[in-house]
Protein chains: 2
Amino acid sequence: MTSGRSNPTEPFVGLLMFIAARDVENRVVAAMRRAGIDDITLAQARVAARIGEHGTRLTDLAEQAQVTKQTATALVDRLEAAGYVERVPDPRDGRARLVRLTDKAGALMPVARDEEQRIETEWEAHLGARRMRQLREALTLLREITDPYRDEP
Amino acid sequence: MTSGRSNPTEPFVGLLMFIAARDVENRVVAAMRRAGIDDITLAQARVAARIGEHGTRLTDLAEQAQVTKQTATALVDRLEAAGYVERVPDPRDGRARLVRLTDKAGALMPVARDEEQRIETEWEAHLGARRMRQLREALTLLREITDPYRDEP
DNA sequence: CAATATAGTTCGACAGTCTGACTACTTACA
DNA sequence: TGTAAGTAGTCAGACTGTCGAACTATATTG
């Protein structure tokens, strides 16, 4: 969404944000493709990126990725079939299972991180250190009112 | 994508942007639902938002929305079936057809704009006028290197 | 005018998504 | 402590979103 530009003087900030965020995703996906990783989709990666060090419950993944449990199940199924994650029983809750990253996934994370770092460097070069700092500050503040799932408050 | 937070010190700026952008989309969709509009999906709205005053070619819509022509065809089909757009011949090119918004769509645009305005107001209240200005400035600059389809340069 | 390019569609396949219904386990409390 | 209510996850079915390939019709170009 984020409407076009019927008023060209002041493009809506949400649209500007959408454009930049989309570019980031495109670039990270492209970087993975270049690294020979083509058996993981964007939706799957969004879920995988939220799996914690010691595994994460499906329900938590669903919540953070903002999809239903059923959708998360389907995405994890595919990630599992591709060998990027595994499901292990949750020792603390017999109903639950923890979704954990495998070694194969571990090899893929640095590709994403490197591209993110590269993007950040380019942005800083384009904006200058001062504006980059201001951007980060504003976005961090904004998170307080736009992120329903930030961890440490 | 935009990886989680294995290093909590400095969340990647792209992730922060993604969070805020997603919140915007969610809110605009929710506003439409509240206004009784539930026969248009997010993907459809993204395309509809790019239709110009005098109609836009399908290929252009596809390009701007960053989907293939086939996908755009399917989305426009659904928008047309729901009565939000119509296809008319392009007087300047016999192969092409212009996708135009109908009156029904016209009634829906203000709902989106109002919510966008409301979000912007809230953000400004949270950040303060100064940081809001800085945010806008940084994002506008960033657009130069992240938006392959900005119109008037 | 023939060769090539472009606008759009149709077809077929599959991923992503949801609602609803179900099983298995846990928690609360009477 | 035993039952009722809640929670974690899955399965089934339906629809949307998405793409690649192949096609039709019209334009452009030499």
Side-chain angles (χ1 to χ4, degrees), chain A residues 1 22 25-26 29-30 32-33 37-52 54-82 84-100, chain B residues 1 22 25-26 29-30 32-33 37-52 54-82 84-100:
Chain A
M1 177 126 353
R22 184 174 57 178
E25 282 196 334
N26 287 159
V29 169
M32 289 197 173
R33 294 281 178 277
I37 303 157
D38 63 349
D39 59 347
I40 189 169
T41 67
L42 182 53
Q44 288 162 28
R46 281 183 187 141
V47 165
R50 272 147 184 91
I51 298 173
H54 310 295
T56 304
R57 289 185 183 192
L58 189 100
T59 302
D60 295 337
L61 291 178
E63 200 166 272
Q64 289 173 37
Q66 294 187 29
V67 297
T68 60
K69 288 190 300 178
Q70 295 90 320
T71 297
T73 297
L75 293 172
V76 169
D77 282 350
R78 279 158 202 158
L79 284 168
E80 193 171 31
Y84 290 113
V85 308
E86 56 189 355
R87 285 184 243 227
V88 300
D90 183 342
R92 287 185 297 287
D93 188 334
R95 296 166 301 180
R97 302 163 75 183
L98 296 177
V99 180
R100 272 201 320 217
Chain B
M1 178 124 353
R22 184 173 59 178
E25 281 195 335
N26 287 160
V29 169
M32 289 196 173
R33 294 281 179 278
I37 302 157
D38 64 349
D39 58 348
I40 187 170
T41 67
L42 182 53
Q44 288 163 28
R46 281 184 188 140
V47 165
R50 270 142 187 95
I51 298 174
H54 309 295
T56 304
R57 288 185 183 193
L58 188 99
T59 301
D60 295 337
L61 291 178
E63 200 167 272
Q64 289 174 38
Q66 293 186 30
V67 296
T68 60
K69 288 192 299 178
Q70 296 93 311
T71 297
T73 297
L75 293 172
V76 169
D77 282 349
R78 279 159 201 159
L79 285 167
E80 192 171 31
Y84 289 113
V85 308
E86 57 188 355
R87 284 184 245 227
V88 300
D90 183 342
R92 287 187 297 285
D93 188 335
R95 295 167 300 180
R97 301 162 77 182
L98 296 176
V99 180
R100 272 201 321 216

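Residue numbering restarts at 1 for every chain, and letters A, B, ... go by the order of the sequence lines. Note that the structure is predicted; figures quoted are calculated from it, not measured.
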Whole angstrom is fine here: how far is it from [atom1] in [X] over to [atom2] in [N]?
| X | N | atom1 | atom2 | value |
| --- | --- | --- | --- | --- |
| Leu98(A) | dA8(D) | CG | P | 12 Å |
| Arg46(B) | dT18(D) | CZ | C1' | 13 Å |
| Gln44(A) | dT18(D) | CD | C1' | 14 Å |
| Ile40(B) | dT16(D) | CD1 | C1' | 14 Å |
| Arg57(B) | dA25(D) | CZ | C1' | 14 Å |
| Leu61(A) | dT10(D) | CG | C1' | 15 Å |
| Leu75(B) | dC15(D) | CG | P | 17 Å |
| Leu79(B) | dT16(D) | CG | P | 12 Å |

Across the strands shown, which category fits [X] at heavy-atom distances under 4.0 angstrom: base, sugar-phosphate, nothing?
| X | answer |
| --- | --- |
| Arg92(A) | nothing |
| Ala74(A) | base |
| Thr59(A) | sugar-phosphate |
| Asp93(A) | sugar-phosphate |

Q | Position toward the 5' end of DNA chain D (nearest nucleotide), Gln70(B) or Asp77(A) | A |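 By nearest-heavy-atom nucleotide position, the 5'-most residue is Asp77(A).
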Q | Residue of the set Arg50(B), Lys69(B), Arg46(B) for which side-chain contact (heavy atoms from CB on, under 4.5 Å) holds with Leu61(B) | A |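 Between Leu61(B) and the candidates, side-chain contact (heavy atoms from CB on, under 4.5 Å) is satisfied uniquely by Arg50(B).
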Q: Please tell me if the side chains of Arg57(A) and Val99(A) come closer than 4.5 Å, counting only heavy atoms from C-beta onward.
A: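 Arg57(A) does not reach Val99(A) side chain to side chain.
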Q. Which residue, Arg78(A) or Thr56(B), contacts DNA chain C at a nucleotide closer to its 5' end, judged by nearest heavy atom?
A.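 Here Thr56(B) is the residue nearer the 5' end.
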Q. Which atom pair, heavy atoms only, marks the closest approach of Leu42(B) to Glu25(B)?
A.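 Looking at all heavy atoms of both residues, the shortest contact is CD2-OE1, 3.5 Å.
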Q | side chain to side chain contact (heavy atoms under 4.5 Å, CB included) evaluation trace for Asp39(A) with Ile37(A) | A | CA-CA 6 Å; Asp39(A) 59 347; Ile37(A) 303 157; 4.0 Å; yes
Q | Candidate pair Arg78(A) and Thr41(A), rule side chain to side chain contact (heavy atoms under 4.5 Å, CB included), full reasoning | A | CA-CA 10 Å; Arg78(A) 279 158 202 158; Thr41(A) 67; over 6 Å; no
Q. OP1, OP2 of dT28(D) versus side-chain N and O of Arg95(B): anything below 4.0 Å?
A.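 Answer no for this pair, as no side-chain N or O of Arg95(B) is under 4.0 Å from OP1 or OP2.
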Q: State whether Thr73(A) places a side-chain N or O below 4.0 Å from either non-bridging phosphate oxygen (OP1 or OP2) of dT10(D).
A: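 Yes, because at least one side-chain N or O of Thr73(A) sits under 4.0 Å from OP1 or OP2 of dT10(D).
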Q: Give a yes or no on this: more than 12 heavy atoms of other residues, nucleotides or ligands lie within 6.0 Å of atom CZ of Arg87(A).
A: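 Yes.
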Q. What is the distance from atom CZ of Arg33(A) to atom CD1 of Ile40(A), rounded to the nearest 0.5 Å?
A.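 Rounded to the nearest 0.5 Å, the CZ-CD1 separation comes out at 9.0 Å.
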Q) Reading DNA chain C 5' to 3', which nucleotide is the first, and which the last, to come under 4.0 Å of any heavy atom in chain A? A)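 For DNA chain C, the relevant span reads dA15(C) to dT26(C).
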